[in-house]
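Here is the structure we will look at, set down as structure tokens.
Since the model is a prediction, treat every value here as computed from it, not as a measurement. One is the number of the first residue; the rest follow in order along the sequence.
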Amino acid sequence: MATNFWESDHLNLLVHRERLVEAHQKDRERGLTSAQIEDVKVFTILYLEDIAKNSQNLIRQRVAATACVYFRRFYLKENFCEYDPRLVGPACLFLACKSEESQVQAKALFQMLKKVSTTGKYHGLLLPDSAQLLDLEMAVLESLEFNLIVYSPYRDLAIFLQDAQTSDLAECAWAVLNDSYRTHVCLLHAPYMVAVACMHVASVLLSRSIESWLKSLNCDLDEVLEIARELMICFKQQRACISTEACNRFVEFVMC
């Protein structure tokens with residue numbers, strides 16, 4: 001494992017925005033729009049986060065965040081028509097539990113999936129069996145080329161909040177960071193830049209100026225503003241997640 005982000009595979013795995021456009025070619029050929037593809041991804045990411053929230057602290061938020069990064073990296077190469085995202089999502093979570101040293105047995109994870117998926121908004125969502133979970137875990141590993149180290153913005157955010165003496169922004173900034181996984185920023189930008197942007201968004205939402213602190217940083221403020229704009233767009237456009245029925249319909253349409 002690299003001792004810091006600048007020596008890690010995570011840095012080398014950041015992509016340019018053009019790479020996002022190249023993904024999911026087969027799904028588009030089969031009739032899904034870019035908006036529908038992103039809707040399915042956001043639905044799955046919220047699903048993973050809800051599994052973690054309902055795990056009775058067996059799965060930490062950071063584990064769910066790592067799973068979201070795996071999920072988004074996986075679909076830079078793969079397509080829904082070949083790998084069902086409803087099954088790949090849990091496999092990414094299973095793998096993230098291991099890589100983040102928060103191991104959960106397959107049987108226990110299956111019980112969590114069943115609990116979340118049998119009632120409420122995820123009722124009727126397809127569940128993987130044990131064999132599918134293990135097979136897809138291997139498929140994710142191979143697609144990621146076994147590069148599993150993910151540097152999380154959560155640690156950077158905690159450090160920055162303390163450095164800027166802005167504990168009053170903590171709750172909002174943390175929520176913004178959680179929501180950032182609904183976007184592609186984890187694929188495009190370094191974790192510390194995402195953390196700074198989350199602080200900036202929180203300061204705007206709470207009418208708290210941190211301009212002097214931002215200017216003291218040795219970072220590209222234009223990039224910070226770019227990330228912040230994308231996060232604000234996310235809040236405006238993706239608050240209403242698609243239903244389980246819509247997710248099933250999109251995936252089954254492209255897999256038929």
Compute whether any side-chain donor of one residue and acceptor of the other, for S99 and Y70, lie under 3.5 angstrom apart. yes
Will you find, in the side chains of E38 and H184, an N or O donor that is under 3.5 Å from an N or O acceptor? yes
Answer yes if [X] and [Y] sit in the same cluster of Ile, Leu, Val, Met, Phe, Trp and Tyr residues linked by side chain heavy atoms under 4.5 Å apart, and no otherwise.
X: V15; Y: V185; value: no
X: L217; Y: V201; value: yes
X: V69; Y: F5; value: yes
X: L13; Y: L11; value: no
X: L134; Y: F146; value: yes

In terms of the angle between their ring planes, are Y154 and W174 parallel, tilted or perpendicular, with boundaries placed at 30° and 60°?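 Because their plane-to-plane angle lies in the 30° to 60° range, the rings of Y154 and W174 count as tilted.
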Derivation of the side-chain contact (heavy atoms from CB on, under 4.5 Å) call for R28 and I37: CA-CA 9 Å; R28 291 190 181 91; I37 290 168; 4.0 Å; yes
So, do [X] and [Y] sit near enough that their side-chain heavy atoms are less than 4.5 Å apart?
X: L225; Y: R229; answer: yes
X: V224; Y: M193; answer: yes
X: F71; Y: P85; answer: yes
X: L188; Y: L20; answer: yes
X: V88; Y: Y75; answer: yes
X: I210; Y: L169; answer: yes
X: L46; Y: Y181; answer: no
X: L214; Y: V196; answer: yes

Say whether, by atom type as modelled, one donor and one acceptor occur between the side chain of [X] and the main chain of [Y] under 3.5 angstrom.
X: S143; Y: V140; result: no
X: D27; Y: F80; result: yes
X: R73; Y: L144; result: no
X: Q132; Y: D129; result: yes
X: D163; Y: I159; result: no
X: K26; Y: C81; result: no

Is there a side-chain contact (heavy atoms from CB on, under 4.5 Å) between I59 and M112? Walk through the geometry before answering. CA-CA 10 Å; I59 301 176; M112 295 177 200; 3.7 Å; yes
With rounding to the nearest 0.5 Å, note down the distance linking [atom1] in [X] to [atom2] in [Y].
X: N178; Y: K53; atom1: CG; atom2: NZ; value: 7.0 Å
X: T166; Y: W213; atom1: OG1; atom2: CH2; value: 7.0 Å
X: C97; Y: R60; atom1: SG; atom2: CZ; value: 9.0 Å
X: I45; Y: C186; atom1: CD1; atom2: SG; value: 7.0 Å
X: S117; Y: I51; atom1: OG; atom2: CD1; value: 6.5 Å
X: C172; Y: R208; atom1: SG; atom2: CZ; value: 12.5 Å

Listing request: all salt bridge (Lys or Arg N to Asp or Glu O under 4.0 Å) pairs with a residue in residues 92-110, at least two apart in sequence or in separate chains. R62-E100, K98-E137
Inter- and intrachain pairs under salt bridge (Lys or Arg N to Asp or Glu O under 4.0 Å), touching residues 215-227, at least two apart: R17-E226, E211-K215
Measuring centre to centre across the rings, with the benzene-like ring taken for any Trp, is F74 within less than 6.0 Å of Y83? yes
Do the two ring centres, one from Y151 and one from Y192, sit under 6.0 Å apart?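 No - the distance between ring centres of Y151 and Y192 does not fall below the 6.0 Å cut-off.
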Does [atom1] belonging to [X] count more than 12 external heavy atoms closer than 6.0 Å?
X: R155; atom1: CZ; answer: no
X: Q111; atom1: CD; answer: yes
X: E22; atom1: CD; answer: yes
X: Q25; atom1: CD; answer: yes
X: E171; atom1: CD; answer: no
X: N57; atom1: CG; answer: no

Please find the pair of heavy atoms, one from [X] and one from [Y], that lie closest to each other, and give the distance.
X: T44; Y: G89; value: CG2-CA, 3.9 Å
X: P128; Y: L87; value: N-CD2, 3.4 Å
X: V104; Y: A108; value: CG1-CB, 3.7 Å
X: L231; Y: C198; value: CD1-SG, 4.0 Å
X: Q36; Y: G31; value: OE1-O, 4.0 Å
X: I242; Y: V40; value: CD1-N, 4.1 Å

Indicate yes or no: does E252 engage R86 in a salt bridge with an N to O separation below 4.0 Å.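 Salt bridge between E252 and R86, a charged N being under 4.0 Å from a carboxylate O: yes.
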Starting from the C-alpha separation in whole Å, work towards a yes-or-no answer on side-chain contact (heavy atoms from CB on, under 4.5 Å) for L148 and D9. CA-CA 9 Å; L148 301 182; D9 289 326; over 6 Å; no
All side chain to side chain contact (heavy atoms under 4.5 Å, CB included) counterparts of T244, not counting sequence neighbours: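 Testing T244 for side chain to side chain contact (heavy atoms under 4.5 Å, CB included), a comparison that skips the adjacent residues, returns F43, Y122, L125, N248.
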I149 and H10: side-chain contact (heavy atoms from CB on, under 4.5 Å), yes or no, with the steps? CA-CA 7 Å; I149 301 302; H10 189 147; 5.7 Å; no
